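To keep things clear, I will list the structure first and then write my remarks on it.
All values derive from a computational prediction rather than experimental measurement. Remember, it's 1-based here, ligands and their atoms both numbered in the order they're listed. Below, all heavy atoms of this structure are taken into account, side chains as well, without hydrogens, waters or symmetry copies.
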Amino acid sequence: MLRALLLYLSERKTPRQLLLRLPGARKLPQRFIAGVTLADALATVIRLKDAGFGFTLDYLGEGVHEPAAAGATCRSYLAILDRLAHEGFRPNISIKLTALGLALDEALARRHLELLAERARRHHGFVRVDMEGSPYVEATLRAFRETDASRESLGVVIQSYLRRSAADVEALIASGARVRLVKGAYKEPAEVAFPNKKDVDANFVRLAEKLLASGGYHAIATHDPAMIKATQDFARRQKIGPDRYEFQMLYGVRRHLQRELLRQGYRVRIYVPYGEQWYPYFMRRLAERPANVLFLLRSLIRG
Ligand code: FDA
């Protein structure tokens, strides 16, 4: 119920404007967002790298409805790739196709994706196409498939809450694609997504096993200890080394678990979001854990 409400609010403009007007609102995103500027994000990336983590940068934004704005997002990401390479990193970014124009012109979004994948390839970097709500899944997979890029420099996300994902995973494995597996963060109807957590989790384990067994390099993105243990157990049974896949987690979520996995010798990549457009991302993080709403209220009261 609370999850559904928060996800509903994440898509609405008026609550965003109201929230941003409250005293203390400026400080809200700090827990989950690395700052508003690229300099803020770079400082975080340097800290993560020194601690032994990988990173992927998300320049926050989604649902762009004008070509000019989509072009501006693409140029920002090109500059980010160049800057990361200049600073000596292998650039790694996560992008949302709606920020590159998917909702208004699929061909435009694909051209932007091609530019980014090519620039990432030149810097020996990587572009991950995040997966958004179900109305965009088919178009996102199509854009990913049709983008002429090396599989070393471009990957996509699959959500275990979607009923279609088993078939999508099969097809992606067959094409040699690199997949990040997640549970899924959007509000979805029962016709397309499993409504019960137990089914989402069971599907997550099934898909993680398929991906690991495929021999490709995939990412298991979760903070759920049961999903992590199932992945580790399967890999151990199948003699798949910890260098053949990676775990991924969100900036600011379960930091202790992030460090613990590194300590055990696993690869861990942190998803680092930054930028002014933090509202929908922030609301989805609140929806994932009801206790986060208390954190929100405390921050607002303290100002
Ligand atoms: P689950 O929700 O069951 O949480 C397990 C435990 O983790 C919770 O009990 C809690 O302790 C902790 N936890 C989880 N979320 C938390 C939070 N926000 N704050 C505090 N604690 C929290 N989704 C999507 O639809 N498209 C995408 O492209 C991506 N990309 C992506 C990248 C990466 C690197 C990650 C880790 C996740 C995503 N997601 C995503 C989000 C994903 O779909 C999912 O919503 C969250 O990861 C939460 O699900 P868990 O697997 O962590 O399990």
Side-chain angles (χ1 to χ4, degrees), residues 2-4 6-7 10-11 28-34 48 53-58 60-62 92-99 102 126-137 140-141 144 155-162 164-165 168 178-188 192-194 196-205 207-208 218-231 245-258 260-261 267-273 278 280-296:
L2 184 56
R3 176 175 184 273
L6 289 163
L7 289 177
S10 76
E11 293 166 2
L28 279 182
Q30 283 171 4
R31 160 83 195 275
F32 298 115
I33 285 140
L48 289 172
F53 293 103
F55 71 90
T56 182
L57 268 196
D58 170 18
L60 290 164
E62 50 199 92
N92 193 310
I93 56 171
S94 288
I95 54 124
K96 288 187 175 49
L97 285 185
T98 62
L102 186 69
F126 191 77
V127 178
R128 178 77 65 180
V129 182
D130 283 349
M131 191 56 78
E132 303 178 67
S134 58
Y136 297 112
V137 170
T140 300
L141 289 173
F144 171 75
V156 72
V157 174
I158 287 290
Q159 298 152 323
S160 75
Y161 64 13
L162 290 187
R164 58 175 287 162
S165 288
D168 288 335
R178 289 186 172 196
V179 174
R180 171 203 289 154
L181 179 64
V182 303
K183 290 190 187 178
Y186 296 81
K187 189 162 156 289
E188 299 292 358
V192 298
F194 300 112
N196 295 324
K197 179 174 162 53
K198 135 173 132 355
D199 298 321
V200 177
D201 289 358
N203 201 32
F204 190 99
V205 173
L207 298 181
H218 302 292
I220 308 301
T222 178
H223 317 91
D224 185 339
M227 300 299 105
I228 291 171
K229 184 169 183 310
T231 304
Y245 63 101
E246 63 185 41
F247 288 111
Q248 295 190 354
M249 295 194 206
L250 301 175
Y251 177 78
V253 177
R254 290 219 150 178
R255 281 168 285 204
H256 177 74
L257 183 57
Q258 297 174 0
E260 179 55 23
L261 284 174
R267 292 181 172 187
V268 184
R269 186 178 301 279
I270 307 299
Y271 185 105
V272 180
W278 50 264
Y281 178 91
F282 178 72
M283 294 302 278
R284 288 197 294 274
R285 301 296 77 83
L286 293 188
E288 278 155 8
R289 193 161 174 258
N292 286 343
V293 177
L294 291 177
F295 149 81
L296 164 76

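Inter-residue side-chain proximity for Ile228 and Ile220 is flagged as unmet; no heavy-atom pair is nearer than 4.5 Å. Side-chain contact check for Pro273 versus Tyr251: some heavy-atom pair is nearer than 4.5 Å. Proximity of Arg255 to Met249: side-chain heavy atoms (C-beta onward) are nowhere separated by under 4.5 Å. Here the side chains of Lys183 and Asp224 are in contact, with some heavy-atom distance below 4.5 Å. A heavy-atom distance below 4.5 Å is not found between the side chains of Met131 and Leu162.
Annotation for ligand 1: atoms under 4.0 Å from non-hydrogen atoms of Val157 are 27 (C), 28 (O). Under a 4.0 Å criterion applied to the non-hydrogen atoms of Gln159, ligand 1 contributes the atoms 24 (C), 25 (O), 26 (N). Listed by number with element, the atoms of ligand 1 under 4.0 angstrom from any heavy atom of Gly184 are 25 (O), 42 (C), 43 (O), 45 (O).
Judged by distance alone, the side chain of His223 and the main-chain N or O of Leu250 form a donor-acceptor pair under 3.5 Å. A donor-acceptor pair is defined here as one N or O able to donate and one able to accept, closer than 3.5 Å; such a pair exists between the side chain of Ser165 and the backbone of Gln159. A donor-acceptor pair under 3.5 Å is absent between the side-chain atoms of Asp130 and the main chain of Lys96, judged by distance alone. Glu188 places a side-chain N or O within 3.5 Å of a backbone atom of Ser134 that can act as its donor or acceptor partner. Side chain of Glu132 to backbone of Thr98: a donor-acceptor contact under 3.5 angstrom is found. Checked by atom type and distance alone, the side chain of Ser160 pairs as donor or acceptor with a backbone atom of Val200 at under 3.5 Å.
At least one heavy atom of Arg180 lies less than 4.0 angstrom from ligand 1. Using 4.0 Å as the threshold, Glu132 has no heavy atom nearer than that to any atom of ligand 1.
An N or O contact shorter than 3.5 Å links Ala185 to ligand 1 by distance. Looking at Lys197 next to ligand 1, an N or O pair under 3.5 Å apart turns up. Some N or O of Arg285 is nearer than 3.5 Å to an N or O of ligand 1, by distance alone. Taking distance alone, with nitrogen or oxygen atoms compared against 3.5 Å, Pro225 stays at or beyond that limit from ligand 1. In terms of polar-atom proximity, Lys183 is counted as a contact of ligand 1, with an N or O under 3.5 Å from an N or O of the ligand.
Distance screen at 4.0 Å: atom 2 (O) of ligand 1 has no protein heavy-atom neighbour inside the cut-off. In this structure, atom 19 (N) of ligand 1 is in close contact with the protein, since a protein heavy atom lies within 4.0 Å of it.
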Could you go through the side chain to side chain contact (heavy atoms under 4.5 Å, CB included) check for Leu48 and Arg269 one step at a time?
CA-CA 9 Å; Leu48 289 172; Arg269 186 178 301 279; over 6 Å; no
Between Val272 and Phe53, is the side chain to side chain contact (heavy atoms under 4.5 Å, CB included) condition met? List the steps.
CA-CA 11 Å; Val272 180; Phe53 293 103; over 6 Å; no
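Scanning the protein heavy atoms around atom 16 (C) of ligand 1, the nearest turns out to be Val253 CG1, 3.6 Å. In terms of protein heavy atoms, atom 21 (N) of ligand 1 is closest to Arg289 CD, 3.1 Å. Looking only at heavy atoms of the protein, atom 44 (C) of ligand 1 is closest to Glu288 OE2, 3.5 Å. Atom 9 (O) of ligand 1 has its closest protein heavy atom at Arg254 NH2, 4.4 Å. Distance from atom 35 (C) of ligand 1 to its nearest protein heavy atom, with residue and atom name: Leu250 CD2, 3.4 Å. When only non-hydrogen protein atoms are considered, atom 52 (O) of ligand 1 lies nearest to His223 ND1, 2.7 Å. If you check which protein heavy atom lies closest to atom 31 (C) of ligand 1, you get Val182 CG1, 3.6 Å. The single protein non-hydrogen atom nearest to atom 50 (P) of ligand 1 is Thr222 OG1, 3.6 Å, given as residue, atom name and distance.
For the residue pair Ser94/Asp58, the side-chain donor-acceptor check at 3.5 Å is not satisfied.
At a 4.0 Å heavy-atom cut-off, ligand 1 touches Asp130 through backbone and side chain alike. Here Asp224 has heavy atoms under 4.0 Å from ligand 1 in both its backbone and its side chain. If you look at Tyr186 next to ligand 1, the close heavy atoms, those under 4.0 Å, all belong to the side chain.
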